[in-house]
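Here the structure is a predicted model, which means the values were calculated and not measured. The analysis underlying the following values was restricted to heavy atoms, covering all of them including side chains, and did not include hydrogens, waters or symmetry mates. Reminder, nothing fancy here: chain letters follow the sequence lines and each chain counts from 1.
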There are 2 protein chains.
Amino acid sequence: MKEFLRTKGFKMTPQRELIFRSFFELEEHITVDELYDKVRILDRSIGYSTVWRNLKLICKVGLAEEVNLGDGITRYDRVTKVPHGHLFCISCKKLEEFPVEQLVGLLAQTAGDKSFTPENFKIEIQGFCEKCQKENANDSKNGEDDV
Amino acid sequence: MKEFLRTKGFKMTPQRELIFRSFFELEEHITVDELYDKVRILDRSIGYSTVWRNLKLICKVGLAEEVNLGDGITRYDRVTKVPHGHLFCISCKKLEEFPVEQLVGLLAQTAGDKSFTPENFKIEIQGFCEKCQKENANDSKNGEDDV
DNA sequence: TTGAAAATGAAAGTCGTTTTCATTTAGATT
DNA sequence: AATCTAAATGAAAACGACTTTCATTTTCAA
């Protein structure tokens with residue numbers, strides 16, 4: 001990794017090492033705050049902006065990308081081999097993934113129809129995850145708005 | 001419209017009338033700032049927060065919904081009969097729509113596989129619109145990064 | 001006409017993100 | 001090993017879109 005960064009003109013530092021390592025160990029879709037908390041456990045002196053900058057750097061060198069779900073918080077998603085969509089639970093804010101191979105063809109085709117050159121796509125489904133679904137079912141014994 | 005709002009416990013005011021009318025006259029995907037600018041032409045005394053609050057109100061009563069593309073700016077999309085996806089031009093930031101009927105089935109099915117109950121979905125394709133595509137083609141006479 | 005609830009405009013507050021700046025550090029070059 | 005320059009760091013401030021507060025005004029049902 002040090003070499004990889006060097007060839008791109010970046011230096012390795014203890015902080016960076018720690019941040020990178022933590023990021024790649026963690027589950028996907030982490031926020032700056034979450035990563036900050038995690039690295040602070042290992043090194044109390046690391047600053048928020050350093051974590052933020054390194055997350056940006058990870059994106060810049062192509063190892064992650066920002067994900068925006070519209071809740072105002074940027075998440076960082078490791079760039080994986082397989083394109084995927086997101087299932088965002090409205091209730092607990094948890095983010096799951098789902099495969100999208102079947103969709104890619106259709107999307108490209110759709111975009112193509114409009115003389116639009118796609119570079120990237122995002123598919124997000126908002127709803128309730130299995131867990132919250134059950135909990136909500138319990139909450140609404142006296143159904144609020146239908147049948 | 002006045003009646004419609006009254007039944008929901010909201011009052012009509014000259015400012016609200018103007019804001020609603022402007023919103024529904026305008027093209028889709030407007031931002032608060034854009035609508036603010038537009039109504040200010042007709043009434044210099046309208047405040048930003050009034051425009052913002054009314055845009056929220058339009059959403060609350062189900063006539064529009066917020067769209068978040070990840071550029072940090074909330075757009076307001078009239079609720080239309082037909083579900084659609086967005087084509088977001090990376091270059092000029094213009095937003096086009098495309099139909100998604102074919103996709104809906106697939107998405108529901110995919111989500112279903114994970115015991116996830118979908119409420120809403122967003123499909124966004126980022127890329128270059130026809131116009132920017134041509135312009136970029138001109139810009140990159142000396143191809144920067146491939147073959 | 002009147003009174004309570006809703007709406008308004010200006011200003012301040014919030015909060016995630018980004019930049020600034022003084023200082024330290026990495027690592028290439030002597 | 002010492003030196004030097006660009007990069008990196010941490011703290012704090014700045015930024016900007018969004019949201020709330022508050023004093024005042026307006027709507028509209030009674």
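- Neither OP1 nor OP2 of dA7(D) sits under 4.0 Å from any side-chain N or O of Arg6(A).
- Closest approach to the Lys56(B) side chain among dG9(C), dT17(C), dT19(D) is made by dT19(D) (side chain taken as heavy atoms from C-beta onward).
- Relative to the axis of its first five pairs, the axis of the last five pairs of the helix from dT1(C)-dA30(D) to dT30(C)-dA1(D) sits at 20°, rounded to 10 degrees.
- Among the nucleotides dT17(C), dT9(D), dT27(D), the one closest to the side chain of Thr13(A) is dT9(D).
- With distances taken from any side-chain atom of Thr50(B) to the nucleotides dT20(D), dT8(C), dA8(D), the minimum falls on dT8(C).
- Atom OH of Tyr48(B) and atom P of dA11(C) are 16 Å apart (whole Å).
- Judged by distance alone with a 3.5 Å cut-off, a donor-acceptor contact links the side chain of Arg53(B) to the base of dT21(D).
- Residue Lys11(B) places its side chain closer to dA7(C) than to any other of dG27(C), dA7(C), dG9(C).
- Contact between the side-chain N/O atoms of Ser45(A) and the OP1/OP2 oxygens of dT9(D) is not found at any separation under 4.0 Å.
- Nucleotide dC28(D) holds its P atom 8 Å from the CE atom of Met12(B), rounded to whole Å.
- The interatomic distance linking Asp43(A) (CG) with dG10(D) (C1') rounds to 11 Å, in whole Å.
- The nearest whole Å value for the distance from the CG atom in Asn54(A) to the C1' atom in dA7(D) is 12 Å.
- Distance from the side chain of Pro14(B) is smallest to dT27(D) among dT8(C), dT27(D), dA29(D).
- Side-chain atoms of Thr74(B) and base atoms of dA17(D) include no donor and acceptor less than 3.5 Å apart.
- A salt bridge does not link Arg78(B) to Glu65(B): none of the charged nitrogens lies less than 4.0 Å from a carboxylate oxygen.
- If you check dG9(C), dT9(D), dT19(C) against the side chain of Ser49(B), the one that comes closest is dG9(C).
- Glu17(A) places its CD atom 12 Å from the P atom of dT9(D), with the value rounded to the nearest Å.
- Atom pair Leu18(B):CG and dT8(C):P shows a separation of 11 Å (rounding to whole Å applied).
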